[in-house]
Amino acid sequence: MPRSATKILDEKQVQQKINRMAIEIYEDNFEEQGVLIAGIRDNGYVLAERLAKALRSMSPLKVDLIDVTMDKDNPIQYEIELPVDDQSLKNKVVILVDDVVNSGRTLMYGSRRFLRQPIKKLRTAVLVNRTHRRFPIEANFVGLSLSTTLKEHVDVSLKNGEEGVFLK
């Protein structure tokens, strides 16, 4: 990370946040047979993998993991791609995961493919929750709520050796 960035969370703290979020997901779904963790491609999917691993290690839930491919810059122009057919989403509990929520745009548009199916429940999970919403969506499971200015930028790195949350 550039020197102008301030480290907000280190590797150990990131893992603690992920573990806590997994516990909250289990608490919200302990009566369910399983959950579908859907990570928005790139950092959202990496976070979803880590959440799924933590959830599998501490709960009896069946945890399925998929990636959500979408064009974050043009979410209306291109269809959201899932590696499963729409029928397999029926009556599922879906946890939509991204690394940071700022305006809510990515989570809002990312949820639309799931909302066209008769799913049982849709929840959202993010590692960092910023408070600059322009869309009516909230994160249900949050690692860290961070008050920032609009000019500041939050970077999440989930790569080994560079892991952390940085504020620029």
Side-chain angles (χ1 to χ4, degrees), residues 1-26 28 35-57 63-84 93-114 122-135 137-168:
M1 281 292 122
R3 290 181 189 204
S4 61
T6 302
K7 187 179 261 191
I8 304 297
L9 297 175
D10 63 22
E11 182 176 351
K12 182 180 177 185
Q13 292 167 320
V14 167
Q15 190 58 51
Q16 288 171 335
K17 300 295 185 189
I18 291 169
N19 291 344
R20 180 67 213 153
M21 290 167 62
I23 290 167
E24 291 173 6
I25 290 169
Y26 178 53
D28 188 55
V35 295
L36 175 66
I37 307 286
I40 296 176
R41 176 125 327 151
D42 295 328
N43 261 358
Y45 183 72
V46 175
L47 178 59
E49 287 178 311
R50 305 246 327 249
L51 272 171
K53 181 180 178 183
L55 197 52
R56 288 177 184 130
S57 73
V63 180
D64 294 317
L65 175 68
I66 63 170
D67 63 333
V68 177
T69 303
M70 63 182 284
D71 184 331
K72 291 181 181 183
D73 296 323
N74 298 302
I76 295 176
Q77 188 173 358
Y78 300 101
E79 187 61 36
I80 293 167
E81 296 176 30
L82 302 177
V84 295
V93 173
V94 177
I95 313 293
L96 183 62
V97 180
D98 204 5
D99 58 344
V100 178
V101 62
N102 185 24
S103 70
R105 178 180 169 177
T106 300
L107 283 179
M108 188 70 146
Y109 284 111
S111 66
R112 71 186 168 138
R113 176 83 182 264
F114 298 104
L122 176 65
R123 297 284 193 258
T124 56
V126 297
L127 185 59
V128 179
N129 182 21
R130 295 179 69 193
T131 55
H132 304 292
R133 294 292 181 284
R134 290 183 287 148
F135 292 85
I137 193 164
E138 291 297 321
N140 302 106
F141 309 107
V142 176
L144 175 70
S145 290
L146 191 61
S147 295
T148 61
T149 68
L150 288 172
K151 292 181 180 181
E152 291 174 310
H153 181 75
V154 174
D155 275 332
V156 173
S157 177
L158 297 172
K159 299 176 189 171
N160 287 337
E162 300 175 17
E163 192 166 312
V165 174
F166 303 87
L167 181 63
K168 294 197 270 187

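For the pair E49/K53, no side-chain contact is recorded, criterion being any heavy-atom separation below 4.5 Å from C-beta on. For the pair L82 and F114, the minimum side-chain heavy-atom distance is below 4.5 Å. A 4.5 Å side-chain heavy-atom check between T148 and L167 finds at least one atom pair inside the cut-off. Residues L36 and V93 are not in side-chain contact: their nearest non-hydrogen atoms beyond the backbone lie 4.5 Å or more apart. L107 is listed as a side-chain neighbour of I40, based on a closest heavy-atom distance under 4.5 Å.
Taking both residues in full, the closest heavy atoms of R56 and V63 are given as NH2-O, 2.8 Å, listed atom of the first, atom of the second, then distance. Heavy-atom minimum distance, I137 versus G104: CG2-O, 3.5 Å. Minimum interatomic distance between S111 and L96 (heavy atoms only, all atoms of both residues): N-CD2, 3.7 Å. Here the closest non-hydrogen pair linking I80 and Y109 is CD1-O, 2.9 Å. Taking every heavy atom of both residues into account, A5 and F166 meet most closely at CB-CB, 4.1 Å. The shortest non-hydrogen separation linking V126 to V100 is CG1-C, 4.5 Å.
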Yes or no on side-chain contact (heavy atoms from CB on, under 4.5 Å) for V101 and V128, after CA distance, side-chain angles and deciding distance? CA-CA 7 Å; V101 62; V128 179; over 6 Å; no

Go through V165 and D155 one step at a time and tell me if the side-chain contact (heavy atoms from CB on, under 4.5 Å) criterion holds. CA-CA 6 Å; V165 174; D155 275 332; over 6 Å; no

Are V14 and R50 close enough, and set up right, to give a side-chain contact (heavy atoms from CB on, under 4.5 Å), and what steps lead you there? CA-CA 10 Å; V14 167; R50 305 246 327 249; 4.2 Å; yes

Derivation and outcome, side-chain contact (heavy atoms from CB on, under 4.5 Å), residues L55 and V35: CA-CA 10 Å; L55 197 52; V35 295; 3.8 Å; yes

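Listed by chain and number, the residues in a salt bridge (charged side-chain N to carboxylate O under 4.0 Å, His left out) with R130 amount to none (sequence neighbours excluded). Listed by chain and residue number, nothing satisfies the salt bridge (charged side-chain N to carboxylate O under 4.0 Å, His left out) test with E11 (two or more places apart in sequence, or in another chain). Shown here are the salt bridge (charged side-chain N to carboxylate O under 4.0 Å, His left out) partners of D98, two or more places apart in sequence or in another chain: K72.
How far CG of L47 is from NZ of K17: 13.0 Å, rounded to the nearest 0.5 Å. Atom CG of L122 sits about 8.0 Å away from atom CD1 of I95, to the nearest 0.5 Å. A distance of 5.0 Å separates CE in M70 from OG1 in T106, rounded to the nearest 0.5 Å. The CD1 atom of I18 sits 6.0 Å away from the CG atom of L127 when rounded to the nearest 0.5 Å. A distance of 11.5 Å separates CG of D10 from CD of Q15, quoted to the nearest 0.5 Å. T69 contributes atom OG1, which lies 11.5 Å from atom CD of E79 (distance to the nearest 0.5 angstrom).
A distance-only check finds a donor-acceptor pair linking the side chain of N43 to the backbone of V156 [under 3.5 Å]. Judged by distance alone, with hydrogens and angles left aside, the side-chain atoms of S157 form no donor-acceptor pair with the main-chain N or O of G164 at under 3.5 Å. For T124 (side chain) and F141 (main-chain N/O), no donor-acceptor pair under 3.5 Å exists by modelled atom type.
Between K159 and E163 no salt bridge is recorded (no basic side-chain N to carboxylate O distance below 4.0 Å).
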